[in-house]
Amino acid sequence: MHAVYQFQSSNNQVAGGRIKEYTQNLCWDLAGSPPGPAAVGTAVVLNSCLASGTPSQSWIYRADLTIQYGGN
């Protein structure tokens with residue numbers, strides 16, 4: 001999977017949220033991971049978008065230009 005996202009922000013960390021696939025109602029999801037820190041190697045999959053704030057679909061765009069799981 002490859003995607004390009006453009007963000008504009010004046011701070012070092014963009015508030016988290018869902019990452020939605022452009023053409024369908026699919027979002028990045030940690031494959032049913034329970035709330036809390038995700039285990040290393042947990043698969044990121046596309047699942048139907050759930051309510052905003054659902055832990056398995058919460059992500060943070062970091063100052064070092066990486067995306068981090070934010071559903072802890």
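Atom set for the values below is all heavy atoms of this structure, side chains included, hydrogens, waters and symmetry mates excluded.
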Side chain to side chain contact (heavy atoms under 4.5 Å, CB included) involving Thr54 - partner list, sequence neighbours excluded: Leu50, Ala51, Ser56

Is any side-chain heavy atom of Cys49 less than 4.5 Å from a side-chain heavy atom of Lys20? yes

Between Arg18 and Gln57, do the side chains contain an N or O donor and an N or O acceptor separated by less than 3.5 Å? no

Rounded at 0.5 Å granularity, tell me how far CG in Leu46 sits from CG in Leu26. 5.5 Å

Distance in Å, Asn47 CG paired with Asn25 CG, rounded so as to fall on 0.5 Å steps: 11.0 Å

Does Thr23 have any side chain to side chain donor-acceptor pair (under 3.5 Å) partners at least two apart in sequence or in another chain, and if so, which? Glu21

Asp29 side chain near Val44 side chain, heavy-atom distance below 4.5 Å: no

Are Ile19 and Tyr61 side-chain neighbours, meaning at least one heavy-atom pair lies under 4.5 Å? no

Is any side-chain heavy atom of Ile67 closer than 4.5 Å to one of Trp28? yes

